[in-house]
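Structure first, commentary second.
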Number of protein chains: 2
Amino acid sequence: MESLLNNIARYIQLEDDEKEYFLSLVGEKKVRRKQLLLQEGEVCHHSIFVKSGCLRGYTLDKNGDEHVISFATAGWWIADMYSLITRKPGQLFIESSTEAHLQLLTREHQEKLFEQIPKFERFFRILTENSLVATQQRIIDNLSLGARERYLEFIRKYPSLKDELPQKHIASYIGVTPEFFSKMMRSLPE
Amino acid sequence: MESLLNNIARYIQLEDDEKEYFLSLVGEKKVRRKQLLLQEGEVCHHSIFVKSGCLRGYTLDKNGDEHVISFATAGWWIADMYSLITRKPGQLFIESSTEAHLQLLTREHQEKLFEQIPKFERFFRILTENSLVATQQRIIDNLSLGARERYLEFIRKYPSLKDELPQKHIASYIGVTPEFFSKMMRSLPE
DNA sequence: TGAAAATCTTAATCCGGGTTAAGTTTTGCT
DNA sequence: AGCAAAACTTAACCCGGATTAAGATTTTCA
């Protein structure tokens, strides 16, 4: 359980009244597992902060197969960035993998924050930079590593998720079918 | 030939003295083709703006094969973001594909700008958001599309590069070998 | 301008991972 | 607790793209 204010305090320092104002713009939401928070074709209006639990972002390809784009565990943010910043319908689905406690910030309120408390512009600039680095690393891994090594990368990066998620979602994240994943696990010690 | 000030003016408005101050922090560089601007193991100190020409960012895997991570044509920025923000040695090579006219901004100067002219924090926040969206889309494409479709995506996105770069760099960008790329081209009209 | 280097092509063979189709657990729900 | 749905496994066969090894073409630059 990581609080939103703690998350922010990693990068910027807020006065008490700024914290209060910020929290006044944030919505709370509790969801059960397997709840759909965003669907393909919808405009994504919120950045979602995960206080507890785990969300999953995925797309559906033209054969109806899912491709997991990202997981967000406690302390992480998730959104359909394309849709959020263009305000156009996106292709991402966002669904809870577990029951989860969320905090929501609309893009509108986020932009209000940028105007009124420039420190937030810094906070989200840093968050976005970190996210970009992680995303680029994933492209490098996809281009340079085989499935087995991508899996080892995955458990190094998200050790807690290994036993908490259905294998097929992990398989999808690393880019293989559940059948192949199963075969691969047979040959991995442990 | 896209000027840096024009690039910035897309997202923020600067006063004349701010422009002047900004330009005083920016270095100019002209390079011939195939010049190495950054190597694996080095710390990346600069964000590079491409005024004219084309740069290419790539990694080398353990077999010595190149993987093109990004191209930067006129009007684009390029850097090893991981290294730039952590100040640790990175894995990216950056090399000119053509002769090129560049402008360089050190991370140090960039952070000075963030302090002194908060509008720059906004500018780079937006730039990073856009970059994140593009990078995520590439992951989606890599997971959902076959090589042929990824190539069609590539020429849709970078139509001008199709005839200006060695095929093997395009092959590497879309994630196939030059041999397979050549075979694939045979079967593509045009 | 000419020769070496780089790039591109072709073709045979190989392999990582996909597909299909069962069957077997495990989980969730009432 | 008990049953349906979801998740996982296995195995046979298939295919997109890799590898290897030539050779042909283009580019570079002395």
Side-chain angles (χ1 to χ4, degrees), chain A residues 31-36 53-54 56 58 60-68 71 93 95-100 141-154 161-190, chain B residues 31-36 53-54 56 58 60-68 93 95-99 141-154 161-190:
Chain A
V31 294
R32 301 189 305 287
R33 61 195 294 272
K34 295 198 181 185
Q35 281 236 263
L36 206 50
C54 180
R56 168 176 71 101
Y58 63 93
L60 282 187
D61 67 23
K62 56 178 189 288
N63 306 316
D65 291 328
E66 287 185 18
H67 300 281
V68 175
F71 294 111
F93 293 79
E95 196 182 294
S96 50
S97 289
T98 64
E99 49 175 41
D141 290 349
N142 285 178
L143 291 173
S144 347
L145 306 179
R148 171 184 275 93
E149 293 162 296
R150 292 202 301 275
Y151 173 64
L152 296 173
E153 250 334 279
F154 173 83
L161 290 185
K162 189 180 64 153
D163 317 293
E164 285 172 14
L165 256 29
Q167 287 192 6
K168 63 174 188 172
H169 291 164
I170 299 176
S172 169
Y173 182 88
I174 68 169
V176 298
T177 58
E179 292 84 357
F180 181 75
F181 189 83
S182 177
K183 187 202 289 192
M184 191 173 78
M185 290 308 275
R186 228 182 307 169
S187 70
L188 276 178
E190 163 78 343
Chain B
V31 294
R32 301 189 305 287
R33 63 194 295 271
K34 294 199 180 184
Q35 281 235 262
L36 206 50
C54 180
R56 168 176 72 100
Y58 63 94
L60 282 187
D61 68 23
K62 56 175 189 288
N63 307 315
D65 290 328
E66 287 185 18
H67 300 281
V68 175
F93 294 79
E95 195 182 295
S96 50
S97 289
T98 63
E99 48 176 40
D141 291 348
N142 284 324
L143 292 174
S144 349
L145 307 179
R148 170 183 274 94
E149 293 162 297
R150 292 202 301 277
Y151 173 65
L152 296 174
E153 252 331 281
F154 174 82
L161 290 185
K162 190 180 63 155
D163 317 293
E164 285 171 16
L165 294 175
Q167 287 191 7
K168 63 174 187 170
H169 291 164
I170 299 176
S172 170
Y173 182 88
I174 68 168
V176 298
T177 57
E179 292 84 358
F180 181 76
F181 188 83
S182 177
K183 186 203 289 192
M184 192 173 76
M185 291 308 276
R186 228 183 309 168
S187 69
L188 277 178
E190 163 67 347

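Any value given below was found using the heavy atoms of this structure, including those in side chains, with hydrogens, waters and symmetry copies removed. Letters A, B, ... are given to chains in the order of the sequence lines, protein chains preceding strands, and every chain is numbered from 1.
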Just how far, in rounded Å, is P of D:dA6 from CD of A:E66? 12 Å

Is any side-chain heavy atom of B:R148 less than 4.5 Å from a side-chain heavy atom of B:S187? yes

Rounded to whole angstrom units, what separation is found between the CZ atom of A:F181 and the P atom of D:dT9? 9 Å

A:M184 CE - C:dC15 C1' separation (whole Å): 16 Å

What integer distance in Å separates B:F180:CZ from C:dT7:P? 21 Å

Of the listed C:dT9, C:dA6, D:dA6, the closest approach to the A:K34 side chain comes from D:dA6

Measure CE/A:M185 against C1'/D:dA7 and give the value in whole Å, please. 14 Å

Neighbours of DNA chain D within residues 166-178 of chain A, by heavy-atom distance under 4.0 Å: A:P166, A:Q167, A:K168

Can you list the residues that meet the side-chain contact (heavy atoms from CB on, under 4.5 Å) rule with A:E179, with sequence neighbours excluded? A:T177

Mind calculating the distance between CD (B:E149) and C1' (D:dG17) to the nearest angstrom? 15 Å

Might you confirm whether atom CD of B:E99 has over 12 heavy atoms from other residues, nucleotides or ligands at distances under 6.0 Å? no

Atom pair OH/NE2 of A:Y58 and A:H67 - distance to nearest 0.5 Å: 12.5 Å

What is the per-nucleotide protein-contact pattern of nucleotides 23-30 of chain C, from the 5' end, where B denotes a base atom under 4.0 Å from a protein heavy atom, S denotes such proximity for sugar-phosphate atoms only, and - denotes neither? -----S--

Nearest whole Å is fine: how far is D:dC8 P from A:L165 CG? 10 Å

Could you list the residues that satisfy side-chain contact (heavy atoms from CB on, under 4.5 Å) with B:E153, not counting sequence neighbours? B:D141, B:L145, B:R156

Is there any protein nitrogen or oxygen under 3.5 Å from a nitrogen or oxygen in nucleotides 11-13 of chain C, and what are the pairs?
none

Give the angle between the helix axes at the two ends of the helix from C:dT1-D:dA30 to C:dT30-D:dA1, taking five base pairs at each end and rounding to 10°. 60°

Min side-chain heavy-atom separation B:R150-B:Y173 under 4.5 Å: no

